[in-house]
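One structure is given below, encoded as structure tokens.
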Amino acid sequence: MASYEGFADLERDGWSDDQISANYVGMFSSASDLAIPAILSEIKEPARVLDLCCGQGNVTEALLHAGFQAIGADFSATMLAHARERLPRGEFVEADAQDLPFEDATFDAVTCSFGLMHVPDQPQALREIRRVLGPEGRFIMTSWCGPDVSPAFQVFYGSVQEHSHASVKMPDSPDFHQYADASMAMSLLAEAGLQLETQRQVDCYWRLETPQALAEIFNKGAPRGGYLLTQQPEANRIAIKEAVTAKVQESFADGNRWRVPIPASLVVAKAI
Ligand SMILES: C[S@@+](CC[C@H](N)C(=O)[O-])C[C@H]1O[C@@H](n2cnc3c(N)ncnc32)[C@H](O)[C@@H]1O
């Protein structure tokens, strides 16, 4: 595996930061919540489910309400504090996806809602997911589609490209959008003993009260977006935010709000 040390630090520091975590929950996650019905629709039998990278526990909560036996796991104590506040009687474990503290074949299903793309060693995380799944166990994950189809990422990456200072570089990381490509997802999953069953798009979006809000979601509610903006000299940061705002104003007005689509990719795989 390439060395993703800088990326690993950025993710670990970001998700343990009180402000970024609170802003993810308060600002970003209204879009991730919209994928929950699609995730749940893929778990049909009464099942023991691990909700990996559970964050604030939105999917864990939905699983419990639907009658499944669910446990949430995340490496961030800060995000888990949000989950425990939301579900005081829920079961949550602090754990890294690359080294899960569960016996082999403990679960009938593993969900991972917008989590795997934040993990540095994804082949290892997928092997861990496969290991804790029982025979015929199912893995259901979501990630964000890339700028080829995602208006939100077109606007954000496009504005960064136009106005970023040449000195600002993201640390090397796995492709953030690779699970939106079915053939890429199939081969990554296959290496871990998981067979792709379905990959499809799920419509998620933000309904924003101001056109400025999109830049703030990326700036304050996500470690990578925040890094790309906070590393900029002030003039570049302002120019990026203004460009994002202008694009939102131009293309996404919806009554007295702004509706920005951020489509997700749902991937379902079976343990083989
Ligand atoms: C984008 S949030 C998703 C939260 C929630 N599942 C949702 O759908 O909104 C990503 C979550 O993955 C967690 N995470 C990132 N890397 C992880 C790792 N290596 N092991 C466990 N959790 C990780 C973060 O702490 C964060 O809570």
Side-chain angles (χ1 to χ4, degrees), residues 1 4-40 49-64 70-87 90 92-102 109-129 132 139-145 152-153 171 173-174 176-177 179 202 204-206 217-218 220-227 262 264-267:
M1 190 191 75
Y4 294 137
E5 250 170 63
F7 169 66
D9 291 346
L10 167 63
E11 290 287 340
R12 198 168 266 284
D13 294 348
W15 294 112
S16 55
D17 182 272
D18 288 339
Q19 284 306 315
I20 295 176
S21 296
N23 289 330
Y24 177 81
V25 179
M27 297 163 84
F28 204 117
S29 73
S30 63
S32 68
D33 285 349
L34 296 176
I36 293 174
I39 294 172
L40 259 70
V49 186
L50 170 64
D51 181 26
L52 187 57
C53 301
C54 67
Q56 72 281 20
N58 53 347
V59 174
T60 325
E61 179 180 51
L63 287 164
L64 290 171
I71 169 168
D74 198 288
F75 76 168
S76 160
T78 316
M79 290 299 282
L80 287 175
H82 288 281
R84 291 187 174 114
E85 193 183 333
R86 178 182 196 130
L87 272 178
F92 294 102
V93 174
E94 192 175 323
D96 193 310
Q98 299 155 121
D99 183 18
L100 294 175
F102 304 106
V110 174
T111 56
C112 188
S113 166
F114 304 104
L116 192 59
M117 65 272 209
H118 297 281
V119 176
D121 190 347
Q122 293 171 17
Q124 170 61 16
L126 286 167
R127 283 192 292 274
E128 280 294 84
I129 289 163
V132 301
F139 174 49
I140 300 119
M141 67 166 279
T142 47
S143 63
W144 298 118
C145 295
F153 281 101
S173 65
F176 193 68
H177 303 288
Y179 298 93
V202 179
C204 299
Y205 57 85
W206 287 295
I217 289 174
F218 282 111
K220 296 186 175 159
R224 294 159 62 102
Y227 180 91
I262 175 164
S265 162
L266 177 82
V267 162

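We count ligands from 1, going down the list as the structure has it; atoms in each ligand are counted the same way. Predicted model only: the values in this text are computed from it and were never measured.
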Nearest neighbour of atom 6 (N) of ligand 1 from the list C53, S29, A83, G72, on a heavy-atom basis: C53
Protein residue, atom and distance nearest to atom 20 (N) of ligand 1, heavy-atom basis: A97 N, 2.9 Å
Atom 19 (N) of ligand 1: the protein heavy-atom neighbour that sits closest, reported with distance to 0.1 Å: D96 OD1, 3.2 Å
Distance-only side-chain donor-acceptor flag, Q122 / Y179, under 3.5 Å: yes
Polar contact flag for F114 and ligand 1 (N/O pairs, less than 3.5 Å): no
Contact partition for R12 relative to ligand 1, non-hydrogen atoms under 4.0 Å: neither
Test ring pair (Phe, Tyr, Trp, His ring centres under 6.0 Å) applied to F218 and F153, step by step: CA-CA 10 Å; F218 282 111; F153 281 101; 5.5 Å; yes
Nearest-neighbour protein heavy atom for atom 22 (N) of ligand 1, which is reported as residue plus atom name and distance: F75 N, 3.2 Å
E11 N/O under 3.5 Å from ligand 1 N/O: no
For S32, the ligand 1 atoms whose distance to one of its heavy atoms is below 4.0 Å: 7 (C), 8 (O), 9 (O)
For ligand 1, the portion of C54 having any non-hydrogen atom under 4.0 Å away: backbone
Contact partition for W15 relative to ligand 1, non-hydrogen atoms under 4.0 Å: side chain
For atom 26 (C) of ligand 1, closest protein heavy-atom neighbour: D74 OD2, 3.5 Å
Proximity of F114 and W144 rings by center, below 6.0 Å: yes
Distance-only polar pair, side chains of D96 and Q98, donor-acceptor under 3.5 Å: yes
